[in-house]
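Structure first, commentary second.
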Amino acid sequence: MPRPKRPQHYYDEIKDKFREERNLRLGYRPPGTDQYTSELSGDLAKYAVDPYAKDVPTREPITDEVEVLFIGGGFSALLTSARLRERGLESIRIVERGSDVGGTWYWNRYPGAACDVVSYDYLPLLDELDYVPVNHYSRGPEIFSHCQAIAHKYNLYDLAVFNTTVTETRWDQTDQLWHVKTDQGDVMRAQFVICANGTLAKPKLSAIDGMESFAGHSFHTSRWDYDYTGENLEHLKDKVVGIIGTGASAVQIVPELAKVAKEVFVFQRTPSSIDIRDDWPTDPNWARKLQPGWQHKRREKVLAAVENSLEKRAAKGATSPEEKLRKQENANIDYMMRIHRRIDEIVDDPSTADALKPWYMFMCKRPCFHNEYLPSFNLPNVHLVDTQGQGITQISPQGPVFDGKEYGLDLLIYATGFEVQQTGIYNDIVGAGGVNLQDKYAQGIRTLLGIHTAGFPNLFIMGGYQASFQFNLTEMLQTQGDHIAACIDYVRANGHHVIDVKDEAEEWWVQNVIQHRGKTNRSEECTPGYYNFEGNEQRRQDGNYNGGFRQYFQHQGQVREKMEDNFHLAARKD
Ligand code: NDP
């Protein structure tokens, strides 16, 4: 449908309102990520405890040597391992904090957990596993099972070590191996280490005055306590439940709470944009006709479609960069106003509907898709507590306090998200010459492709900064896994032992990242959130590579075509 023609002042006034709402929020908060805490120790230690690890067996410390060691057992490790196995690598160990593989899908077992990327694109290695997802969108348990199926198929359980957190990863110049220490007293050695600890792995809590004093039960969304709620939330029917946060996790949880709990209070600081999410069971006739290689072809097609995106369509016929940007922004605002109209159509109470309207550009925050979230607010047991950008800043023994009112709760759920893309969470990474990776990054992140960083031989980083961001994360991780497996294969096939990126190759990529960061200016104008470092100024190189996913993929290939130019490669010293 063509967009209605509106005068420019209509768009300018909405942009003014976006700015106002952003400034309001920045004014309320401590700067950047300081408003959060992810150091979950002392009184807060209970929020980090793994509720899914039952009867963890004790074991002796491990001191052996493997070829490849993954820190983390989520999709990064699984996808790379699959490719390494295909290339004949035998000695692969996953070291994982949880009690199974799965990463995000191990931890996020909250009711309603599902993925917003179409399952046929998101679930990886479907050809290899000869599996077709059950629905158009996969639910959490199916994705978790798929992770386990990958680990079984590629024999990754054999050497895996669970319930174990890596605390130090140090390159030893003498034996030219990584020495990996853990909280279980292990000192494992590995030729190659792959940081596969995920992009949103460490839960964070909003640091709220009095939070330790809360007398009811509480947990973070990624540590769902089914002992308390019951498997089907049946224990909540006489409970008053509160949830802090309205991001993608809360949007999926609230409708489930709404169906069961006696009362639900949703404490909102900034609303999410919620679009339609139509789901359906996979058509068995379609599934039967799928030919080998179907997923790869499908992903290619989706990628091509994305390139012909909203942005490009808006830019059609643009005469100057300013005109192009204006058209882009106007199309974005039209989309957001459609999101507003949808809220008015669904939510009965006009003031609740108004409070649920997001005032920022599309993609300033992670967009959400759900058909039941907005209708939940029409139920008599569900109450929106809109803090109008301020957030909950005080919790009493009874519950959150806002605007002089205390909300007495039995259960308080923190849907406050995760620390973003830190390489080496819980873990000190020390490279050749004793340099700590965090100290190197303190001067600005420096990598080649977000994967290699000079002075850290035989170390590969997955899902970190300076890589391309993809809404379908598994596709991006698969390209990184393919690249890493090819690099390791090259080292082995050519009689080398060590691979370390050259300074000039690293510098080339840093400049590439900086050059394309210009395209993200809009995110500086966005309402604060983890996409824009909570509104903090950021060094230009400390972010994602924004040159496009296809280009990122092509650069990986080009780097591999000139291995000897881009890397120091050497045999093992005697
Ligand atoms: P987010 O970081 O997206 O959301 C945190 C929420 O907590 C925000 O709404 C934030 O408000 C709010 N908040 C923080 N402090 C306070 C406070 N003091 N008072 C009130 N509210 C507060 O975390 P999520 O766990 O929701 O999502 C993390 C990411 O995980 C997603 O963005 C997505 O990438 C992924 N995910 C994907 C899913 C999917 O595929 N469907 C499902 C779930 C997660 P404010 O916005 O103002 O900062």
Side-chain angles (χ1 to χ4, degrees), residues 36-62 69-78 93-113 139-141 143-148 151 156-157 159-168 180-186 188 195-205 211-212 214 217-231 233 235 243 245 249 252-253 411-420 422 424-427 463:
Y36 289 105
T37 175
S38 56
E39 285 320 311
L40 302 181
S41 53
D43 285 343
L44 301 182
K46 63 179 180 180
Y47 294 104
V49 171
D50 179 354
Y52 318 119
K54 309 272 186 212
D55 306 321
V56 176
T58 51
R59 62 170 177 78
E60 291 300 309
I62 300 169
L69 186 145
F70 287 93
I71 302 173
F75 273 132
S76 297
L78 298 172
R93 167 168 293 146
I94 286 172
V95 183
E96 165 59 55
R97 196 169 153 83
S99 61
D100 204 336
V101 297
T104 292
W105 301 102
Y106 170 88
W107 293 108
N108 289 283
R109 301 191 202 185
Y110 58 76
R139 317 281 198 277
I143 308 174
F144 181 31
S145 298
H146 190 67
C147 292
Q148 292 169 317
L156 300 176
Y157 283 114
L159 287 180
V161 179
F162 295 112
N163 308 297
T164 302
T165 301
V166 172
T167 52
E168 187 189 274
V180 178
K181 289 189 182 168
T182 76
D183 63 348
Q184 301 299 311
D186 308 306
M188 309 170 193
C195 296
N197 56 251
T199 52
L200 295 167
K202 198 174 182 186
K204 63 180 166 50
L205 303 175
M211 61 198 296
E212 297 90 346
F214 179 59
H217 198 66
S218 60
F219 52 77
H220 184 272
T221 52
S222 67
R223 304 287 189 277
W224 195 272
D225 185 354
Y226 281 102
D227 288 343
Y228 179 87
T229 64
E231 275 307 308
L233 311 189
H235 300 161
I243 183 162
S249 301
Q252 295 185 330
I253 292 167
L411 170 63
L412 176 58
I413 300 165
Y414 287 92
T416 46
F418 303 86
E419 227 180 63
V420 186
Q422 298 271 344
I425 47 172
Y426 310 109
N427 172 24

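The shown structure was predicted, so the numbers you read here are calculated from the model rather than taken from an experiment.
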Handout entry: Heavy-atom check, side chain of Val95 versus side chain of Val180, under 4.5 Å
Key = no
Exercise for the section: Using the test side chain to side chain contact (heavy atoms under 4.5 Å, CB included), find all partners of Leu205 that sit at least two apart in sequence or belong to another chain. Expected result: Thr37, Leu40, Leu44, Tyr47, Met211, His220, Tyr414, Thr416
Exercise for the section: Report yes or no: does Thr165 contribute a side-chain atom to a donor-acceptor pair with the main-chain N or O of Arg97 at less than 3.5 Å? Expected result: no
Practice task
Can you establish whether the number of heavy atoms outside Glu60 located under 6.0 Å from its atom CD is more than 12?
Solution key: no
Handout entry: Least distance between heavy atoms, Ala77 atom then Gly72 atom
Key = CB-O, 3.2 Å
Exercise for the section: Please say whether more than 12 non-hydrogen atoms of neighbouring residues, nucleotides or ligands are located less than 6.0 Å from NZ in Lys202. Expected result: yes
Fill in the blank from the handout: Taking every heavy atom of Ser99 against every heavy atom of Ala53, the minimum-distance pair comes out as OG-CA, 3.7 Å
Exercise for the section: Using the side-chain contact (heavy atoms from CB on, under 4.5 Å) rule, take Asp50 and Trp107 through it: C-alpha gap first, then chi angles, then the decisive distance, then the call. Expected result: CA-CA 8 Å; Asp50 179 354; Trp107 293 108; 3.5 Å; yes
Completion exercise
Nearest heavy-atom approach of Lys204 to Phe418 is CE-O, 3.1 Å
Practice task
Mind running side-chain contact (heavy atoms from CB on, under 4.5 Å) on Asp183 and Thr164 for me, showing each step along the way?
Solution key: CA-CA 6 Å; Asp183 63 348; Thr164 302; 4.0 Å; yes
Problem - Expected output: side-chain Tyr106 to main-chain Gly74 donor-acceptor under 3.5 Å - result: no
Fill in the blank from the handout: Closest non-hydrogen atoms of Phe214 and His217, given as atom of the first, atom of the second and distance, are CE2-O, 3.3 Å
Problem - Verdict with reasoning, Val101 to Tyr157, per side-chain contact (heavy atoms from CB on, under 4.5 Å) - result: CA-CA 9 Å; Val101 297; Tyr157 283 114; 3.5 Å; yes
Problem - Least distance between heavy atoms, Gly73 atom then Ile94 atom - result: CA-CG2, 3.6 Å
Problem - Min side-chain heavy-atom separation Asp227-Pro51 under 4.5 Å - result: no
Fill in the blank from the handout: CD1 of Ile253 to CD1 of Ile413, rounded to nearest 0.5 Å, is 6.0 Å
Completion exercise
Separation between OG (Ser222) and CG (Asn108), nearest 0.5 Å, reads 5.5 Å
Problem - Heavy-atom side-chain proximity of Phe144 to Asp100 below 4.5 angstrom - result: yes
Handout entry: Lys46 and Ser218, any side-chain heavy atoms less than 4.5 Å apart
Key = yes
Practice task
Output yes when a side-chain donor or acceptor of Arg93 lies under 3.5 Å from a complementary backbone atom of Leu159, and no otherwise.
Solution key: yes
Practice task
Report yes if the side chains of Ile143 and Phe75 come closer than 4.5 Å at any heavy-atom pair, otherwise no.
Solution key: yes
Practice task
Using the test side-chain hydrogen bond (donor to acceptor under 3.5 Å, both in side chains), find all partners of Gln184 that sit at least two apart in sequence or belong to another chain.
Solution key: none
Handout entry: Side-chain ion pair, Arg59 and Asp186, N-O less than 4.0 Å
Key = yes
Problem - Nearest heavy-atom neighbours spanning Tyr226 and Tyr110 - result: OH-C, 3.4 Å
Handout entry: From SG (Cys195) to CG (Asn427), nearest 0.5 Å
Key = 6.5 Å
Problem - Heavy-atom side-chain contact between Leu411 and Phe219 under 4.5 Å - result: yes
Completion exercise
Between the CG atom in Asp225 and the OH atom in Tyr52, the distance rounded to the nearest 0.5 Å is 9.0 Å
